[in-house]
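Any value given below was found using the heavy atoms of this structure, including those in side chains, with hydrogens, waters and symmetry copies removed. Numbering of ligands and ligand atoms starts at 1, following listing order.
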Amino acid sequence: MTTLRVVLGDQCSDALSALEDLDPGRDVVLMAEVRAECTYVRHHKQKIVLVLSAMRHFAQRLEARGVQVRYVRLDDPANTQTLAGEVARAAGEVRAARIVCTHPGEWRVLQDMRGWQARTGLPVEIREDGRFLCSLDRFRRWAADRKQLRMEFFYREMRRETGILMEAPDEPTGGQWNFDHDNRSALPRDIRPPAPRRFAPDAMTREVMDLVARDFADHFGTLDAFAWPVTAEEAEAALEDFVARRLPLFGAYQDAMAEGEPTLFHALVASAMNVGLLDPRAACAAAERAYREGHAPLNAVEGFIRQILGWREYVRGLYWARMPAYRETNALEATRKLPDFYWTGETSMACLRAAITQTRDLAYAHHIQRLMVTGNFALLAGLDPAEVNEWYMIVYADAFEWVELPNTHGMALFADGGVMASKPYAASGAYINRMSDHCRGCAHDVKAATGARACPFNFLYWDFVARHAERLARNPRMAMPLRTLAKLDPAKLRAMRGQAAAFLDALAHGDAPAGPAGSRLL
Ligand code: FAD
Ligand code: SF4
């Protein structure tokens, strides 16, 4: 009685539920590289390399343990190039009696899995993904009796339940749950973050890089700088490097941005965690240990743990509780097309240029760049959530829909009307200027809200607040900007809104508005 155990590309974990009770003498593990998964959105080249290389290394690891692995390569002539096709082919050829798999990370794939039973005639068991600290049932129970969902309350519950960073059942370490107010500094000029450890591609990864360069040449992004961990050992080394060298200042400069500093004090572990190479519990434990041993301060450690135990678990729960309707919402009725510069990085706006070009080269931008630069621009300019969601799914090595969608659709775009975030993360150029040095070298003047050199974030911000004033008036957290709006000189507001309209019109037509001395902006 052979059990076919299916392992997906983002399930490269020893502790995967589909592999529990595996009988190496009898069972077969199926891992299939399929074109449909590489192209349903046109993923960044580095993301395809990451997933395929992690899969190949993981298959090798299983084989070394004596597990029978049926590994289907992308260039195998018999490959049907769809997941369902490969499951059906394998089930027939190995004469499987049943199929076991782990709950996937995307709604789309879950629908596919639910069709495997009908297609193969075999029972299909979809197991809970135990790699998360909060089960989907647990999240639903937590959410069920609440009028409004807020991450902070979920996070406290997770701290209590797991005992992470707790002194007693209701006593958080340091006497408070959240140290976010200590985590908002810009980067001083004399502090240079240590470069993160890079993982040079081995022969197996280089082979995948050649394949991707050839077969997905027209996908976004470059491959030259590929340095992501692709094995559990590398992922652990990446975490160790972060804890030893960057965690102590992670908290203070978590929201900072700096020209030429694409990674600052961030961990760069999301891609490894999301494909299954790094256990989130291990990441939290390593950070907590650093605090207890006096190596890192509490504001940094709590900030890091909140991202993983709080945000990461919360967005997953929210995604599965709200899909599939979630992605169809468009609360702010945003319909503009994504401008070309999101792909080329060719824009006179220095903050956007930095975020987009590093995204092209590294498949990475840190949270504040995603939220307050590319996300903020998309929100203010009223870009179509479907196009923006797709962009974020394509461009980051760590992009998987369960985590990408709530962050983009909910947190950055407010397209869910406030399910994910308590207010729109809208900001003018002043925020970017406070948290970065981008404005110093920018063609735009961050202090100007109208005129040829005005920072587009300024006039777009006031246009956004005015455009949505009625809706935002229902939100107490928007009271301050609305009060400021009411006090604005009407002529100034008219001028800003006029400039916003001309700018957005030019954007829609792919034209660059005129800048100073006949230059072209955008
Ligand atoms: P660090 O800043 O060092 O944080 C540590 C870890 O905390 C991350 O590795 C990640 O696992 C977790 N984390 C931090 N913030 C979040 C968050 N908001 N939601 C969930 N987990 C979080 N994260 C993804 O993993 N995949 C995505 O596709 C993704 N898309 C995003 C889109 C937008 C618009 C925004 C605003 C955020 C998105 N995030 C996404 C969250 C966050 O930006 C990334 O997790 C982070 O930048 C990854 O880099 P890092 O490992 O250096 O993280
Ligand atoms: Fe960005 Fe405006 Fe600053 Fe330029 S001036 S970097 S567009 S915020």
J.: Scan side-chain atoms only and decide if H409 and N389 contain a donor-acceptor pair under the 3.5 Å cut-off.
T.: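 Distance-only check passes for H409 and N389.
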J.: Check ligand 1 against A365 and write out every atom of the ligand that is under 4.0 Å from a heavy-atom position of the residue.
T.: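 Close to A365: 47 (O).
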J.: When the ring planes of W343 and W391 are compared, do they come out parallel, tilted or perpendicular, using 30° and 60° as the limits?
T.: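 It falls in the perpendicular class, over 60°.
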J.: Do ligand 1 and A270 have nitrogen or oxygen atoms that lie under 3.5 Å from each other?
T.: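 Yes; at least one N/O pair falls below 3.5 Å.
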J.: Please state which protein non-hydrogen atom is closest to atom 3 (Fe) of ligand 2 and give its distance, to 0.1 Å?
T.: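 Among all protein heavy atoms, the one nearest atom 3 (Fe) of ligand 2 is C439 SG, 2.3 Å.
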J.: Does ligand 1 have an atom under 4.0 Å from some heavy atom of Y364?
T.: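 Contact check Y364 vs ligand 1: positive.
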J.: Inspect the contact between R192 and E261 and indicate whether a charged nitrogen and a carboxylate oxygen are less than 4.0 angstrom apart.
T.: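 Salt bridge: yes.
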J.: Got an N/O contact under 3.5 Å between H366 and ligand 1?
T.: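 No.
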J.: Please report which non-hydrogen protein atom sits nearest to atom 27 (C) of ligand 1, along with the residue it belongs to and the distance in Å to one decimal place.
T.: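 Here the closest protein heavy atom is D398 OD1, 3.2 Å.
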J.: Consider ligand 1: state whether an atom of it lies below 4.0 angstrom from any non-hydrogen atom of F250.
T.: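 Checking ligand 1 against F250, which is what was asked, there is a heavy-atom contact under 4.0 Å.
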J.: Is the positively charged end of K47 above the ring of F400, judged by distance under 6.0 angstrom from the centroid and angle within 45° of the axis?
T.: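 Flagged: K47 positioned over aromatic ring of F400.
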J.: Considering the heavy atoms of V269, write down every atom of ligand 1 situated less than 4.0 Å from one of them.
T.: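 Close to V269: 9 (O), 51 (O).
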J.: Need the ligand 2 atom indices (1-based, order shown) with element for anything under 4.0 Å from a heavy-atom of V446.
T.: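 Contacts of ligand 2 toward V446, numbered from 1: 5 (S).
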J.: Tell me the nearest of H409, R370, E404 to atom 40 (C) of ligand 1, using heavy-atom distances.
T.: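 Ranked by closest heavy atom to atom 40 (C) of ligand 1, first place is R370.
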J.: Any nitrogen or oxygen of H266, main chain or side chain, under 3.5 Å from a nitrogen or oxygen of ligand 1?
T.: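 It does: an N or O of H266 is found under 3.5 Å from an N or O of ligand 1.
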J.: Charged N to carboxylate O under 4.0 angstrom, R198 versus E234?
T.: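 Salt bridge absent between R198 and E234.
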J.: Might you work through the salt bridge (Lys or Arg N to Asp or Glu O under 4.0 Å) test for E152 and R150, ending with a clear yes or no?
T.: CA-CA 6 Å; E152 183 61 28; R150 286 296 162 251; over 6 Å; no
J.: Which residue owns the protein heavy atom closest to atom 23 (N) of ligand 1, what's the atom, and how far is it?
T.: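 I find the closest protein heavy atom is V403 CG2, 3.6 Å.
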J.: Should one rank N407, L405, L268 by closest heavy-atom distance to atom 33 (C) of ligand 1, which comes out on top?
T.: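 Looking at heavy atoms only, N407 sits closest to atom 33 (C) of ligand 1.
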J.: Above 12 or not: heavy atoms from other molecules or residues under 6.0 Å from CG of D340?
T.: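 Incorrect, the count does not exceed 12.
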J.: So does R146 have more than 12 non-hydrogen atoms from other groups sitting under 6.0 Å from CZ?
T.: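 Atom CZ in R146 is crowded, with more than 12 foreign heavy atoms closer than 6.0 Å.
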J.: With a 4.0 Å heavy-atom cut-off (strictly under), which part of N274 contacts ligand 1: side chain, backbone, both or neither?
T.: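 For N274, the contact with ligand 1 is made by the side chain alone.
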J.: Can you tell which of M372, M273, H367, M411 gets a heavy atom nearest to atom 41 (C) of ligand 1?
T.: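 The residue whose heavy atom sits nearest atom 41 (C) of ligand 1 is H367.
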J.: Any nitrogen or oxygen of F304, side chain or backbone, less than 3.5 Å from one on ligand 1?
T.: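 No, there is no polar N/O contact under 3.5 Å.
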J.: Looking only at protein heavy atoms, which one is nearest to atom 28 (O) of ligand 1, and what is the separation?
T.: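 Checked against all protein heavy atoms, atom 28 (O) of ligand 1 sits closest to A399 CA, 3.1 Å.
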J.: One residue to check: P280. Relative to ligand 1, which of side chain, backbone, both or neither has a non-hydrogen atom less than 4.0 Å away?
T.: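 No part of P280 is near ligand 1 at this cut-off.
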J.: Verify the distance criterion only: is there a donor paired with an acceptor across the side chains of Y392 and E401 at less than 3.5 Å?
T.: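 No, because no side-chain N or O of Y392 sits under 3.5 Å from a partner of the opposite role on E401.
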J.: Does R138 come within less than 4.0 Å of E161, counting only side-chain N to carboxylate O?
T.: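 Judged by the 4.0 Å cut-off on N to carboxylate O distance, R138 and E161 do form a salt bridge.
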J.: Under 3.5 Å, is there a donor on one side chain and an acceptor on the other for T359 and Y396?
T.: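 Yes, a side-chain donor-acceptor pair sits under 3.5 Å.
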J.: Can you tell me if F153 has over 12 outside heavy atoms packed within less than 6.0 Å of its CZ?
T.: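 Open.
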J.: What protein heavy atom is closest to atom 16 (C) of ligand 1, reported as residue, atom name and distance in Å?
T.: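 Answer, as residue, atom name and distance: W311 CB, 4.0 Å.
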J.: Go through ligand 2 atom by atom and flag the ones less than 4.0 Å from a non-hydrogen atom of M349.
T.: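 Matching atoms, with element in brackets: 7 (S).
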J.: Please evaluate residues D129 and R131 with respect to the criterion salt bridge (Lys or Arg N to Asp or Glu O under 4.0 Å), reporting the C-alpha separation (whole Å), side-chain torsions for both, the decisive distance (0.1 Å), and the verdict.
T.: CA-CA 6 Å; D129 190 343; R131 298 173 303 168; 2.9 Å; yes
J.: For a distance under 2.8 Å, tell me if C455 has an N/O/S atom near atom 2 (Fe) of ligand 2.
T.: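 Looking at C455, which is the residue asked about, there is an N, O or S atom under 2.8 Å from atom 2 (Fe) of ligand 2.
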J.: Return yes when atom NZ of K423 has more than 12 non-hydrogen atoms of other residues, nucleotides or ligands closer than 6.0 Å, and no otherwise.
T.: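 Result for NZ/K423: enclosed.
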J.: One thing to verify: whether E313 and R316 come together as a salt bridge, which I'm taking to mean a side-chain N less than 4.0 angstrom from a carboxylate O.
T.: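 Looking at R316 and E313, the cut-off is not met.
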J.: Using a strict cut-off of 4.0 Å, indicate which atoms of ligand 1 neighbour a heavy atom of A267.
T.: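 Near A267, meaning under 4.0 Å from one of its heavy atoms, ligand 1 has 3 (O), 52 (O).
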J.: Give the residue and atom name of whichever protein heavy atom lies nearest to atom 6 (C) of ligand 1, and the separation in Å to one decimal.
T.: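 Going atom by atom, the protein heavy atom closest to atom 6 (C) of ligand 1 ends up being I308 CG1, 3.7 Å.
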J.: Any protein heavy atom at under 4.0 Å, with atom 52 (O) of ligand 1 as the reference point?
T.: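 Flag for atom 52 (O) of ligand 1 set to true, protein heavy atom closer than 4.0 Å.
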J.: Under 2.8 Å from atom 1 (Fe) of ligand 2, is there any N, O or S atom belonging to C351?
T.: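 Yes, C351 qualifies, because one of its backbone or side-chain N, O or S atoms lies under 2.8 Å.
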J.: Tell me whether S271 reaches ligand 1 (any heavy atom closer than 4.0 angstrom to a ligand atom).
T.: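 It does not, in that no heavy atom of S271 comes within the 4.0 Å cut-off of ligand 1.
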J.: With a 3.5 Å cut-off and no angle check, do the side chains of N274 and D398 form a donor-acceptor pair?
T.: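 No donor-acceptor contact under 3.5 Å links the two side chains.
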J.: Between Q358 and Q369, does any side-chain donor sit less than 3.5 Å from a side-chain acceptor?
T.: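 A donor-acceptor contact under 3.5 Å links the two side chains.
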J.: For the residue pair N376 and Y425, confirm or rule out a side-chain donor-acceptor distance under 3.5 Å.
T.: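 No, Y425 and N376 have no side-chain donor paired with an acceptor closer than 3.5 Å.
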J.: Give the atoms of ligand 1, by number and element, whose distance to some non-hydrogen atom of Y392 is under 4.0 Å.
T.: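 Atoms satisfying the 4.0 Å criterion: 32 (C), 34 (C).
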J.: Heavy-atom contacts with L371 under 4.0 Å: which atoms of ligand 1 show up? List them by number with element.
T.: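 Ligand 1 atoms under the 4.0 Å threshold to L371: 36 (C).
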J.: Is the contact between F242 and ligand 1 made by the side chain, the backbone, both, or neither, using heavy atoms and a 4.0 Å cut-off?
T.: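 None of F242 does.
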J.: Which residue supplies the protein heavy atom nearest to atom 12 (C) of ligand 1, what is that atom called, and how far is it?
T.: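 Atom 12 (C) of ligand 1 sits closest to the protein heavy atom Q307 O, 3.6 Å.
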J.: Who's the nearest protein heavy-atom neighbour of atom 4 (Fe) of ligand 2, and how far?
T.: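 Answer, as residue, atom name and distance: C442 SG, 2.3 Å.
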